[in-house]
2 protein chains.
Amino acid sequence: MIEEAKLLSSIMPMLKVPVHQVAGHQALDGHLGPLVDESGKFYKPLQKDDRGLREAEFYETFSSDDQVPDKIRKFFPKSFGTQIVEASDGSGPLPHLVLEDLISQYANPSVIDFKIGSRTWSPQATEAYIQKCLKKDRETSSLALGFRISGLQLYEGQESGYWKPERKLTIRYTADDVRLVLKKFVSSNQASDFKQDPDCTFASNVYGGSSGILAQLLELKSWFEEQTIYHFYSCSVLMVYDKELLVKGRQPSPAIKLVDFAHVVEANGVLDHNFLGGLCSLIKFISDLLTIPNECTNKDGMQNGE
Amino acid sequence: MIEEAKLLSSIMPMLKVPVHQVAGHQALDGHLGPLVDESGKFYKPLQKDDRGLREAEFYETFSSDDQVPDKIRKFFPKSFGTQIVEASDGSGPLPHLVLEDLISQYANPSVIDFKIGSRTWSPQATEAYIQKCLKKDRETSSLALGFRISGLQLYEGQESGYWKPERKLTIRYTADDVRLVLKKFVSSNQASDFKQDPDCTFASNVYGGSSGILAQLLELKSWFEEQTIYHFYSCSVLMVYDKELLVKGRQPSPAIKLVDFAHVVEANGVLDHNFLGGLCSLIKFISDLLTIPNECTNKDGMQNGE
């Protein structure tokens, strides 16, 4: 076994802990978690229960599913099968899902992870799992909002780095907290500064426009109003862009990505009403920022700052 | 008390048990249930716990809510306050909600009652009530479909009357059962005949067109994509039309109505993602019948009958 591990290590890519991961298990302090390489790949350890297997199966099915249009496929990470690599917790070589590292192209990513759906469990799950999820859905924002924020980091600047509130806080955000964070996400002032109102300077650059966050969410929504192939339980929508590029007058590449497919089940010809409802709720928060007068306006009344 | 009851009876309208009620408590065999009068009014007894009070409050708030556009108000029954009338179970005079009798204008109504939402309980409900609803949502179609059929009656003809499957069956309908019933709803053959495929003769007259069922549902949906005033838990969408009129070449008045507001709560600035998801699911079933080739076609390949 030791010989085998050594052999595998010798052909393994150089892996490191991802810097910009905001949710999920993290490969820090000897824990098991995902790793990334220099070429833009993300290595996610297969979880030991059947979750890992189910996520691997999902990627396999999805990648060859010709019912999924290309304009929707772009919201999903590319997948490259599974590979055995040295686990981050030092427990030896373990099978990992090899995926596209969605964040690697961003030097200074601001990221929010929304776990979509007021219900994170499928009717087919075990009773113990259902009770565990139901408890968490009731304790967090999921029931009220149709989603919860599983984690976030907002870029503040080269010196101050990122504002990264604790996950145990973000999962309980109220509607007002979510509104505030969505404003901070696109503001030029420091996200960690709660004394100043966020100025929403970059709202139209990031949320608006034909390739902005809102347009992408609406494209995703239109697919969920049609597709009766998959039900995505406990799946997240990632929202990401690079504020530093905007400050420098360049394209900030705002993007929507779907991640975490360990609880995807067959839709059996029925819409994913749970995901769709939560997605519509998120869309409403963002479209309000763009359309309601003064919702995203400087105190002096000038929209989109100076 | 007896004197008072006599006095009230003397000024009370002549009330009778509604003939076409498909769901909810029914005023039959000495039970407490709603009554109707000759003038098109529906008398719903206020339930003894706080449900009746909350429904009365909802109608009062809603009727004076100027945020609700007229094009949406038409989906709700008109309300005329409360009135004390003789209860159907002979228990004496009781306060009743006085509402528009939505079915009174139909001589031969085909009706389906869809209880919308995969969750019929609000987060604010009592633990006992939540557990009761959750159990029922899991045992019935609600979790899988985003709605369940609380009852239905389909008109067959002057002689054979109505096909009215038992409620304990309809609440457990699968996606395939729902598809079949939605076809039967608009077919010229007998709904109770399971040997023949439903011919969907009237699909385009009832579901299609600018004032058909689908157009009405889409109008309702567009409001639910905007409104952050109310969350409608355990509320039903009624779908009704008169097939006999169609057979005679007249307008069948297909209509969508919302009923049962005992569990409406404030939305606190968040979309009703639970109702919206379920509504989208129902819409998908109906739009598929109109748009998928052969989904609603005679065996001989002729669409919409002869």
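Order of the sequence lines fixes the chain letters, A, B, ..., with proteins taken first and strands second; residue numbering starts at 1 for each chain.
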>> Which atoms of B:L145 are under 4.5 Å from chain A, going by heavy atoms: the side chain, the backbone, both sets, or neither?
In response: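 Answer is both: backbone and side chain atoms of B:L145 are under 4.5 Å from chain A.
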
> Heavy-atom distance under 4.5 Å to chain A: side chain of B:I283, backbone, both or neither?
Replying inline: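 For B:I283, no heavy atom lies under 4.5 Å from chain A.
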
> Going through the checks in order, is the side-chain contact (heavy atoms from CB on, under 4.5 Å) test met by B:F285 and A:V270?
Replying inline: CA-CA 8 Å; B:F285 278 97; A:V270 178; 4.2 Å; yes

>> Measuring only between side-chain heavy atoms, which start at C-beta, is B:E226 closer than 4.5 Å to A:K284?
In response: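 A side-chain contact exists here, since the closest heavy-atom pair is under 4.5 Å.
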
> Would you say the side chain of A:H273 lies within less than 4.5 Å of the side chain of B:S118, judging by non-hydrogen atoms?
Replying inline: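 Yes, at least one pair of side-chain atoms sits under 4.5 Å.
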
>> Rounded at 0.5 Å granularity, tell me how far OG1 in B:T174 sits from CG in A:N268.
In response: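 Nearest 0.5 Å value for the OG1-CG distance: 10.0 Å.
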
> Atom CG of A:L134 and atom CG of B:L134: how far apart are they, to the nearest 0.5 Å?
Replying inline: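 Between A:L134 CG and B:L134 CG, I get 5.5 Å after rounding to 0.5 Å.
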
[atom1]/[X]: more than 12 non-hydrogen atoms of other groups inside 6.0 Å:
X      : atom1 : answer
A:E139 : CD    : yes
B:Q131 : CD    : yes
B:K74  : NZ    : yes

Select one option (side chain, backbone, both, neither) describing which atoms of [X] are under 4.5 Å from chain B's heavy atoms.
X      : result
A:L279 : neither
A:T291 : neither
A:T228 : side chain

>> Just so I understand: if I count every heavy-atom pair under 4.5 Å between each of A:L271, A:D288, A:N274 and chain B, which residue has the most?
In response: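 Max contact count across the listed options: A:L271.
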
> When heavy-atom pairs shorter than 4.5 Å are enumerated against chain B, which of A:E225, A:R138, A:R179 gives the highest number?
Replying inline: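 Ranked by contacts with chain B, first place is A:R138.
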
> Where do B:L143 and A:W121 land on the side-chain contact (heavy atoms from CB on, under 4.5 Å) test, with the steps shown first?
Replying inline: CA-CA 10 Å; B:L143 228 54; A:W121 48 276; 3.6 Å; yes

>> Please identify, among B:G278, B:G269, B:A144, the residue contributing the most non-hydrogen atom pairs under 4.5 Å to chain A.
In response: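 Of B:G278, B:G269, B:A144, B:A144 has the most heavy-atom pairs under 4.5 Å with chain A.
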
>> Only pairs of heavy atoms separated by less than 4.5 Å count here; which of B:G117, B:A175, B:C280 has the most with chain A?
In response: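 The residue among B:G117, B:A175, B:C280 with the greatest pair count is B:C280.
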
